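Note that the structure is a prediction, hence the values are computed from the model and not measured.
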Amino acid sequence: MPSQKIETGHQDTVHDVAMDFYGKRIATASSDSTIKIVGVSNNTHQHLATLTGHQGPVWQVAWAHPKFGSLLASCCYDGRVIIWKEGNQNEWAQSHVFDDHKSSVNSIAWAPHELGLCLACGSSDGNISVFTARADGGWDVSRIDQAHPVGVTSVSWAPSTAPGALVGSGLLDPVQKLCSGGCDNTVKVWKLYNGIWKMDCFPALQMHTDWVRDVAWAPNLGLPKSTIASASQDGKVIIWTVAKEGDQWEGKVLHDFGTPVWRVSWSLTGNILAVADGNNNVTLWKEAVDGEWQQVTVVEP
């Protein structure tokens, strides 16, 4: 598939791009306080909508699974998280605004759809909030207070199937876990026990020497081990693995990029990791048979 250059129409830096479930539309978040929806097909793209309502840089956007309808979440420096709902085609309205956080909300992530409509949010106030939609249209909230006291930079959900379980076996309750990164240079893993979030890794995962900028939990495809990638201001990407539930997480440096690393993102099969770094490079990495990580390609701009 040839690369396609898309003019977003934003007036300022674009911080995030998210493709919808079907790969037909992208949403972009920008410092110009807006979100734009662009339709993409073959070699063409067209502007479909501009969503306004935030007051400050919009850091991330995330599409909900289509089984819940056409929904998009966004988080902003203004401390608010907005759920947008598409009514008529390309007509978006604010369906819900969460203003629980006292400062910038830096990261949002929808839970695996098996867990229902559920959104995790990480904020500079140090807290993580998890909003779950109720049948009556309202939302319940659970919190991880002071998850990273100096600020939460990123959140990512674990796959909902237990490690090692056959997909669709349906015998096991879905797993409710997430990981977070913060300005305390650590990565933490959290698990929901009887409605209360508790830390699931002791101690916190500490190998970075500067802010963790992004965390991404890999899809597991039935393998017994769990894998998390973390990217940091210190220039390193670390791959964290745990062989089985209850074991200690172990970290291994994938690579030292020599420049801050902004984002990490797994392929749907969980075996290729995309890394975006401060030199404006996007590289793809794969684990070799011997367990070493190798760069397989550079994404040409």
If two hydrophobic side chains count as joined below 4.5 Å and joins carry through other members, does [X] share a cluster with [Y]?
X	Y	value
L117	I82	no
M207	V242	yes
I6	M19	yes
L115	L192	yes

Is any side-chain heavy atom of [X] closer than 4.5 Å to a side-chain heavy atom of [Y]?
X	Y	result
Q295	L284	no
H101	S129	yes
L119	I108	yes
V237	V264	yes
V299	T283	no
S226	W217	yes
W240	V187	yes
D214	T153	no

Please report the shortest heavy-atom distance between [X] and [Y], naming the atom on each side.
X	Y	result
A73	I83	CB-CD1, 4.0 Å
W84	Q94	CZ3-CG, 3.5 Å
Q233	P260	NE2-CG, 3.5 Å
G23	V40	O-CG2, 3.8 Å
W92	S70	CH2-OG, 3.5 Å
D184	P149	OD2-CD, 4.3 Å

**Message:** Please check if the number of heavy atoms outside D290 that lie under 6.0 Å from its CG is greater than 12.
**Reply:** yes
**Prompt:** Is the count of non-hydrogen atoms from other residues, nucleotides or ligands lying under 6.0 Å from Y77 atom OH greater than 12?
**Reply:** no
Contacts of type side chain to side chain donor-acceptor pair (under 3.5 Å), residue [X], not counting sequence neighbours:
X	answer
S41	T44
K236	none
W190	S180
K286	none

In terms of side-chain geometry, is the basic nitrogen of [X] or [Y] positioned less than 4.0 Å from the acidic oxygen of its partner?
X	Y	result
E250	K225	no
E245	K177	yes
R263	D277	no

Interatomic spacing from [atom1] in [X] to [atom2] in [Y] - rounded to 0.5 Å:
X	Y	atom1	atom2	answer
I26	K36	CD1	NZ	12.0 Å
K85	S95	NZ	OG	6.5 Å
I239	I228	CD1	CD1	10.0 Å
E86	L48	CD	CG	8.5 Å
C75	W59	SG	CH2	9.5 Å
S160	E114	OG	CD	3.0 Å

**Asked** W211 and W262: aromatic ring centres closer than 6.0 Å?
**Response** no
**Asked** For the ring pair F21 and W110, is the centre-to-centre distance below 6.0 Å?
**Response** no
Go through the structure and list residues passing salt bridge (charged side-chain N to carboxylate O under 4.0 Å, His left out) with [X], not counting sequence neighbours.
X	answer
D32	none
D234	none
E7	none

Just jot down the side chain to side chain contact (heavy atoms under 4.5 Å, CB included) partners of [X], sequence neighbours excluded, or say none.
X	value
V14	T8, H10, V17, T28
Y22	D20, K24, P66
E91	N88
S31	D12, T13, H15, P57

**Asked** Do D200 and W249 pass the side-chain contact (heavy atoms from CB on, under 4.5 Å) test, and can you show the C-alpha distance, the side-chain angles, and the key distance before you say yes or no?
**Response** CA-CA 10 Å; D200 197 51; W249 287 84; 5.6 Å; no
Is there a donor-acceptor pair under 3.5 Å between the side chain of [X] and the backbone N or O of [Y]?
X	Y	value
T186	Q206	no
W285	A274	no
D78	R80	yes
S107	G122	no
H65	K67	yes
D16	V61	yes
W266	A216	yes

Going by atom types only, do [X] and [Y] share a side-chain donor-acceptor pair under 3.5 Å?
X	Y	answer
N106	S124	yes
H47	T50	yes
T34	H54	no
N127	Q146	yes

**Request:** Please report the C-alpha distance between V155 and V215 in whole Å, then the side-chain angles of each, then the deciding distance to 0.1 Å, and finally whether the side-chain contact (heavy atoms from CB on, under 4.5 Å) criterion is met.
**Result:** CA-CA 6 Å; V155 287; V215 287; 5.7 Å; no
Taking only distance into account, with no hydrogens and no angle test, what donor-acceptor pairs under 3.5 Å do side-chain atoms of residues 137-145 form with protein atoms, sequence neighbours excluded?
| unit_1 | atom_1 | unit_2 | atom_2 | d |
| --- | --- | --- | --- | --- |
| D140 | OD1 | R134 | NH1 | 2.8 |
| S142 | OG | W197 | NE1 | 3.0 |
| R143 | NH2 | D100 | OD2 | 2.7 |

**Message:** Ring-plane angle category for H96 and F98, please: parallel below 30°, perpendicular beyond 60°, tilted otherwise.
**Reply:** tilted
